[in-house]
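Whatever order the structure lists ligands and atoms in, that order sets their numbers, starting from 1. Counting from 1, the numbers follow the sequence of the chain as shown.
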Amino acid sequence: MTPEKATELAEISNAIHLMEGETHVLVTSSKEKQIKDELYGHVDQTFLFDNDLQLGSAAYRSTKREVQIGDRLLGGSKQTTMMIAGPCSVESEEQIESSAQLMKELGIGALRGGCFKPRTSPYSFQGLGLEGLKLMAKMREKYGLAIVTEVRDATHIDAVIDYADVVQVGAKAMYDQGVLRACGKARKPVLLKRGFGSSLQEFVQAAEFILSGGNENVVLCERGIRTFETQTRFTLDLCGVAFLKEKTNLPVILDPSHAMGYAYGVPDLTRACMAMGIDGLLIEVHPNPKVAKSDAAQQLNHQEFRDLYGSLSKVGSAIGRVLV
Ligand code: PEP
Ligand code: MN
């Protein structure tokens, strides 16, 4: 189909046209109750969706999408759970190298670390920016790790897309249309975190912005939502995770660190997440959490992380999942 024809068809139905591999797909809003006659003959597949979860829905694609991250696969049908870990923020070469060495020691394939931090206060540490991205790239080269780093807003998105193996869209950026659309055009995997005040519907629709932009590599991350409870930082919505597993075709990972907010609860919570049968885990770990420049209270130290990591395969084997 020519781009002109695609635009013409999109105008007929207010739809988005894209290629999924070799297949032309025209995605319409759930407001459309029937496929318009003019569209037949121009599209390979037609689906009518009864709600606004389209390309990411299990109704559209019954098998779970898989996303290549470095040398491993996240999602798909192989019953694996991928560990992604590292500090909240990249703070110095020494600090991030220490985290990279820990990943290497444990055979973990992906290192996280924020460089553009979306802080609640403008007076807090804002991240090392481009210098941090360069340090992360250095860790990839030196240790063969896939690097996961977040984008705060559209001002530096090109740099993050350039340097990262996985672009993390944080809870606060989940509604940023500039970020979502840029991620849709990118060909790097996107780890989309749920906003802490977002419904599941809003969360999956944010993912639709990326998918409909042509980027199929989207991973959903539940990281806790705000409830009336203040003793823990957020409340991890495991019911929501069950919903996402059932109704979407996207890999789902869990971030117990931000949900709990306190290191003491993270190991138990992580094992509970693992027992749910999820595609991945995102854990914050720091060589010396007491002096961490962001999220100090929730980061595990290296020994705590080793102990936790060592306990996860047993939980995995109880439900037929392998930690990768
Ligand atoms: C983070 O991963 O360090 C982070 C800022 O997370 P969130 O966007 O979930 O708050
Ligand atoms: Mn953090």
Could you check if a side-chain atom of F196 sits within less than 4.5 angstrom of a side-chain atom of H258, using non-hydrogen atoms only? no
Between S99 and P287, the two heavy atoms sitting closest are OG-CD, 4.0 Å
Do you know which N/O/S atom name in E284 is closest to the Mn ion (ligand 2)? OE2
Presence of salt bridge, K138 and E93, under 4.0 angstrom: yes
Go through the side-chain N and O atoms of Q126 and R119 and say whether any donor and acceptor fall under 3.5 Å apart. no
Which N or O atoms of ligand 1 sit under 3.5 Å from a protein N or O, and how far apart is each pair?
residue	atom	partner	partner atom	Å
ligand 1	2 (O)	R112	NH1	2.7
ligand 1	2 (O)	R112	NH2	3.3
ligand 1	2 (O)	Q168	NE2	2.9
ligand 1	2 (O)	K193	NZ	2.9
ligand 1	3 (O)	R112	NH2	2.8
ligand 1	3 (O)	K117	NZ	2.9
ligand 1	3 (O)	H258	NE2	3.1
ligand 1	3 (O)	E284	OE2	3.2
ligand 1	6 (O)	K193	NZ	2.8
ligand 1	6 (O)	H258	NE2	3.4
ligand 1	8 (O)	A171	N	2.7
ligand 1	9 (O)	K193	NZ	2.8
ligand 1	9 (O)	R223	NE	2.6
ligand 1	9 (O)	R223	NH2	3.4
ligand 1	10 (O)	R223	NH2	2.8

Is R181 positioned over the aromatic face of F209, cation under 6.0 angstrom from the ring centre and no more than 45 degrees off axis? no
Under-4.0 Å salt bridge between R61 and E216: yes
Strictly distance-based, threshold 3.5 Å: is any side-chain N or O of K185 a donor or acceptor partner for the main-chain N or O of I210? no
Within rounding of 10°, what is the angle whose vertex is the Mn ion (ligand 2) and whose arms end at SG of C88 and OD2 of D295? 100°
